[in-house]
Amino acid sequence: MTRIFNDPAVFAEEALQGFCELHPNLVRQVDGGAVRRHRPAQPKVAVIPGGGSGHYPAFAGLIGQGFADGAVVGNIFTSPSAQQAYSVARAAESGGGVVFTYGNYAGDVMNFGLATERLAAEGIRVENVIVTDDIASAAAGEADKRRGIAGDFTVFKVMGAAAEAGAGFDDVVRLGRKANRLTRTMGTAFAGCTFPGADAPLFTVANGQMGLGLGIHGEPGLRDTELPSAAELARELVVRVLAEAPVEGGSRLAVILNGLGSTKHEELFVLWRTVSALLREAGHTLVLPEVGELVTSLDMAGVSLTVTWLDDELEPLWAAPAETPAFRRGSLAGPAAAGHENAEGAEAARDEAQESTAPVSASSDESRSFAQHCMSALETARLTLHEAETRLGDMDAIAGDGDHGRGMVRGIDAAFEAAVLALDNGAGAGTMLATAGDAWASKAGGTSGVLWGAGLRAAGESLGDEEAPSPGGLVAAVQAFTDRILTLGKAEPGDKTLVDALLPLVRTLVDATGNGAAPLAAWHEAARTAASAAEATGGLTPKKGRARPLAEKSIGTPDPGATSLAMVAAAVVDRFTTTNAPTK
């Protein structure tokens, strides 16, 4: 259990605050995460890893010389938002460009991708290095679909050392991708992990068994097997990893035996005794191996074995000195601040200058009146999602990481608060919904956060602020919401995502309206169709997102994203139409 917390909803924020307070000589907190305390005196490539909280020392614990320049920190097991990634990058960038690096999860890919587009539009050179080391999550022929787990550490270390040594932008990116291509990980779990405030773990493993092929976001293993002895487990991990040796792999290896959160170091040492022997018997030389907690999963009991095949380029970078709050290797020349400017006040001023407040555009009385109806819809959706939080989380935990309910609640809360403020400032319906969408994406993070946020913004842009929408205008806004989600998420019908409920909803709405149905009747019919479609996803196999590696386990359970969308549609049907909608 995770027992020490105040409000579970702000656990990640408070943990980051405590971490930064503890290490003020090395890091400073910024919006969205943390960066090095001191900026480099000369331009260098900024290597910025990121992802959800719950994996310490990944990701903020790796900030420092020879490693990361900053870290983007999302909520527990939830990708950070595009705004968070952008903010950290702006704070860490020193003129050499930015390289985001993270595990291969849909929410991270979307959010870091959006931040990349924004930075590039501002003239900052930026790239993404995505880690795909988990051999259990997809076949060798589909390596691009594999998750990033403890191999993150090796890839980040190689890139950080290269950037610290003055490598150019292209070389840092190339070396990171090379390290990823030569890295393999296999893991297993003995017990699940528990969110702060939750009364049960995200998954359980029967006594005397282990879940082979775990994920680091609380996803259960791909299959349960009998719990072997340490020697047998070591052989299982080594055999599976070496079976995936890359063609260009040599005999020198960087090896990590990683504890997931509750496995004691003494247990890891017992396991390492056999792991190291087996690797050497296979003809390999172990270069500065690491045994300990490097990429964790809250309090999960489990281990993973990571192997990176080294060459003449990668080995010096793996062995290079580093000094971070959680990892030290070798000796850096001079004090940590050598060659850096201590311009704390100037940095704070720069961060403040980067914050902007979007102006409220001119709006008509009619649009402001309809904005009140939209506010009522958001409030109703908020109550619905709060009531459904636990149910949605339980559904998500069947084959995913169990955070969907909490993510939806964080998103709608942020959207509602932003909408209230916009309405008080005289915003029309379009600006209010767009502002609410931005807040949802910024605070919720994850796949659902970026999709709902972008969808709401698109709907707001479609509505505008000039007039109250006609029934056709409201349908057009829903279509804009849908189109933006399809473009961003790239999911198709049958992939077992929210799209499986969203497309039937919008089709029914368009058809009913086109056939002359009254707006309220059309919306009710569309909401019923969405609910039926969401329930029908129980028979589908997921082809996107974190549930994909555990596809078989999800059969029989409806998709939580489709379910929450149908819930919201049913809740707001009487509020979001131009008729029968109460005023504030």
Side-chain angles (χ1 to χ4, degrees), residues 131-143 145-155 179-191 205-206 208-216 219-260 263 265-295 297 300-311 314 318 549-550 552:
V131 184
T132 56
D133 61 303
D134 179 15
I135 64 176
S137 58
E142 297 182 309
K145 295 181 180 180
R146 287 178 166 175
R147 303 178 293 203
I149 49 177
D152 285 358
F153 187 90
T154 312
V155 176
N180 177 63
R181 193 170 65 249
L182 297 175
T183 299
R184 308 285 187 271
T185 299
M186 184 69 188
T188 189
F190 316 123
V205 179
Q209 297 216 314
M210 68 177 186
L212 192 64
L214 79 156
I216 60 166
E219 306 100 326
L222 300 180
R223 64 184 180 89
D224 291 346
T225 66
E226 285 190 30
L227 182 64
S229 67
E232 292 167 334
L233 175 57
R235 184 171 299 277
E236 177 89 10
L237 296 175
V238 169
V239 167
R240 287 180 176 271
V241 170
L242 292 186
E244 291 250 357
V247 174
E248 64 267 47
S251 62
R252 298 178 68 78
L253 308 178
V255 185
I256 297 172
L257 185 62
N258 178 60
L260 272 296
T263 305
H265 277 73
E266 289 88 345
E267 294 176 280
L268 294 175
F269 298 152
V270 170
L271 191 59
W272 177 250
R273 174 177 171 272
T274 305
V275 166
S276 60
L278 291 172
L279 290 172
R280 290 189 177 103
E281 287 173 10
H284 297 291
T285 300
L286 313 186
V287 180
L288 296 173
E290 293 289 338
V291 177
E293 293 186 346
L294 297 176
V295 182
S297 184
M300 185 187 292
V303 298
S304 62
L305 176 65
T306 297
V307 171
T308 301
W309 279 259
L310 301 172
D311 63 9
L314 297 185
W318 170 247
L550 298 163
E552 297 303 319

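Between Val205 and Gly211, the closest heavy-atom pair is CG1-N, 4.1 Å. Counting all heavy atoms, side chain and backbone alike, Gly249 lies closest to Trp309 at CA-CD1, 3.6 Å. Across every non-hydrogen atom of Gly151 and Val131, the tightest pair is C-CG1, 4.0 Å. Between Ile216 and Gly148 the shortest heavy-atom distance is CD1-O, 4.0 Å. Closest heavy-atom contact between Asp152 and Asp133: N-OD1, 4.3 Å. In terms of heavy-atom proximity, Val270 sits nearest to Ala230 at CG1-CB, 3.8 Å.
Between Phe269 and Val291, the closest side-chain pair of non-hydrogen atoms falls below 4.5 Å. Put simply, the side chain of His284 does not reach to within 4.5 Å of the side chain of Val255, judged on heavy atoms. The shortest distance between side-chain heavy atoms of Arg280 and Leu286 falls below 4.5 Å. For the pair Arg252/Thr285, a side-chain contact is recorded, criterion being any heavy-atom separation below 4.5 Å from C-beta on. When side chains are defined from C-beta on, Thr308 does not count as touching Trp318, because their heavy atoms never get closer than 4.5 Å. Taking 4.5 Å as the limit, some side-chain heavy atom of Thr263 sits within range of a side-chain heavy atom of Phe190.
Rounding to the nearest 0.5 Å places OG1 of Thr183 at 12.5 Å from CD of Glu244. Going from atom CG of Leu253 over to atom OG1 of Thr306 covers 12.0 Å, rounded to the nearest 0.5 Å. Atom CZ of Arg273 is separated from atom CG of Leu257 by 14.0 Å, given to the nearest 0.5 angstrom. A distance of 10.0 Å separates CZ in Arg146 from OG1 in Thr185, rounded to the nearest 0.5 Å. Atom CG of Leu260 is separated from atom CG of Leu294 by 11.0 Å, given to the nearest 0.5 angstrom. One distance of note links CG of Asn180 with OG1 of Thr132; it measures 4.0 Å at 0.5 Å rounding.
Asp311 contributes no side-chain N or O that, together with a main-chain N or O of Gly250, makes up a donor-acceptor pair within less than 3.5 Å. Distance alone, capped at 3.5 Å, is enough to place a donor-acceptor pair between the Ser137 side chain and the Arg147 backbone. Without hydrogens or angle criteria, Asn258 side chain to Val295 main chain gives a donor-acceptor distance under 3.5 Å. Remark: the backbone N or O of Gly187 is not paired with any side-chain donor or acceptor of Ser304 at under 3.5 angstrom.
Between Arg240 and Glu236, at least one side-chain N (NZ, or NE/NH1/NH2) sits under 4.0 Å from a carboxylate O, which counts as a salt bridge.
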As a quick check of understanding, evaluate side chain to side chain contact (heavy atoms under 4.5 Å, CB included) for Val303 and Leu237, giving each step before the final call.
CA-CA 10 Å; Val303 298; Leu237 296 175; 4.2 Å; yes

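Remark: Glu248 CD is packed, more than 12 non-hydrogen atoms of other residues, nucleotides or ligands lying under 6.0 Å away.
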